[in-house]
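The structure appears right after this line, and notes come after that.
Reckoned from all heavy atoms, side chains included, excluding hydrogens, waters and symmetry mates.
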Amino acid sequence: MSSDRLKALDEQLGAAAPRALSALTDGQVRDLTDSVRDARHRQAAELAAAGDRALRHIPKLLRGPVRKVVGS
């Protein structure tokens, strides 16, 4: 397996990949890396949507200041 592929997976995981993954083929590691990246993108989108839904419960005049405080 290519060390570049494993390095890309490490970056997506935010930590070193388990050693057992070195037994995977380059294609399998690429697929796993792509799946992790896609899952993180979906998670980020869902979190953003949840934040927007939560702000709907706050009066309109306060939404701007609340967004500043929570950093969204």
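Judged by distance alone, with hydrogens and angles left aside, the side-chain atoms of Gln12 form no donor-acceptor pair with the main-chain N or O of Leu9 at under 3.5 Å. The backbone N or O of Ala16 lies less than 3.5 Å from no partner atom in the side chain of Asp10, so there is not a single donor-acceptor pair.
Distance check: Thr33 OG1 to Leu13 CG gives 7.5 Å after rounding to the nearest 0.5 Å.
You'll find the side chain of Val29 stays beyond 4.5 Å of the side chain of Leu21, heavy atoms only.
Within the structure, the side chain to side chain donor-acceptor pair (under 3.5 Å) test picks out no pair touching residues 40-53 (sequence neighbours left out).
A search for salt bridge (Lys or Arg N to Asp or Glu O under 4.0 Å) contacts involving Arg37 returns Asp34, not counting sequence neighbours.
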